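Since we're looking at a predicted model, the values are computed, not measured. Ligands are counted one by one from 1 in listed order, and the atoms in each one are counted from 1 as well.
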Amino acid sequence: MTANFISHLSMELESLKKAGLYKSERVITSTQSSDIELADGRKVLNFCANNYLGLADSRELREAAKQALDRYGYGMASVRFICGTQVEHKQLEATISRFLSTEDTILYSSCFDANGGLFETLLDEQDAIISDALNHASIIDGVRLSKAKRFRYANNDMADLEARLQEAKDSRFRLIVTDGVFSMDGIIANLKGICDLAEKYGAMVMVDDSHAVGFVGKHGRGSAEYCGVEGRVDIITGTLGKAAGRGFRRIYIGQARGGGLAASALPALSLFQHPHAGDCCRFDPSIRAYRTRGELRERLYANADRFRTKISKAGFTLAGANHPIIPVMLGDASLAQHMAEKLLQRGIYVVGFSFPVVPKGQARIRTQMSAAHSSADVDRAVEAFTEVGKELGAI
Ligand code: PLP
């Protein structure tokens, strides 16, 4: 690298620091769980992981992964369309298809990859993508790769979506694209409204259900189940990296790295509450006897309700509803950063989010509940938020 470039980067970093936008990593030395250990030895309660069902350190899943690694090795040393598909990939795809009642499923190594490959593959310049303004970065990147015309509608705003559908009426195919759950806000998309408009205008619907698969909806089948529109969504992408373990999407060919990883995701699916998963769990028979499927979701939502009720009684303004993502709205970016630091000193691990991740003036601490938390953990978090909030004048 030239000295000029390095000095340019240093200046960029300095200005990020001055603007309070510099992000430093916190290193953890334990497994991912409700309580974690930091590199400096501190033990803290984690309220910012996507560990919704608390499966990240599940003994059963770890055992299944170990067995699968012994049996199938560490990697495929090839892409899928050459010689990189194993029986476990196929089984996991079939299991996901049964779980979500889709015609087909294809695994990618992550949902980021799936969203990156989706639009360019399916649509061209004759087509239109109509995308929610708050969609995840991976959708935005994926849409940019496509030659289709782009339209953006205000978050969850059906009148605006309808106007964009009318604007795009001359396109060959129109695809409405939305997150099932908007991850910075904990808001579930209005899929009923979206599917109704799609039908009215002959458009297709794609939903990224990363923050919903496995726990949103009565049986954990995601935001389509929650909104009563199962069978009306054309394409679902999602991840097993939040409620369980690996990335997947419904259609088209991609690349999933290791057969072993697919094998460990199979039993993870059995921990979601659905009738067909058990027959795929031959890697660890103990999983078949695992009886906490529905309980995990119940515990998750009980924790979410408890936190939401208590923290709002304490005087905080919250965003979202009916989801374990509970953003505590603070407005000011430095207040959010400062508050997160002070909470960490009190043993509560949370992160402040500010512009450009969320709009200017809407900084927040996004908390995420997990089935792994106990009621006492939730109460400890509320207590710490209340103390720090008073100290900093946030409530
Ligand atoms: N889509 C949404 C809405 C997400 O929140 C995320 C992860 O944060 C992704 C996609 C990417 O998922 P993965 O971690 O599987 O790449």
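Separating the OG atom in Ser146 from the CG atom in Asp141 is a distance of 13.0 Å, to the nearest 0.5 Å.
No donor-acceptor pair under 3.5 Å is formed between the side chain of Asp196 and the backbone N or O of Lys200.
Proximity of Ser110 to ligand 1, defined as any heavy-atom pair under 4.0 Å, is shared by backbone and side chain alike.
Close approach to Ser138 involves these atoms of ligand 1, each under 4.0 Å from a residue heavy atom: 1 (N), 10 (C). Every atom of ligand 1 is numbered from 1 in the order shown, and the set under 4.0 Å from a heavy atom of Phe112 is 11 (C), 12 (O), 13 (P), 16 (O).
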Decide yes or no on salt bridge (charged side-chain N to carboxylate O under 4.0 Å, His left out) for Glu167 and Arg164, but give the supporting numbers first.
CA-CA 5 Å; Glu167 216 180 308; Arg164 300 289 83 74; 2.8 Å; yes
Derivation of the salt bridge (charged side-chain N to carboxylate O under 4.0 Å, His left out) call for Arg346 and Glu391:
CA-CA 13 Å; Arg346 283 174 170 73; Glu391 192 185 320; 3.1 Å; yes
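On a distance-only criterion, His211 and ligand 1 share at least one N/O pair closer than 3.5 Å. Residue Asp179 has no N or O atom closer than 3.5 Å to an N or O atom of ligand 1.
No hydrogens or angles considered: nothing links the side chains of Asn4 and Thr2 as a donor-acceptor pair under 3.5 Å.
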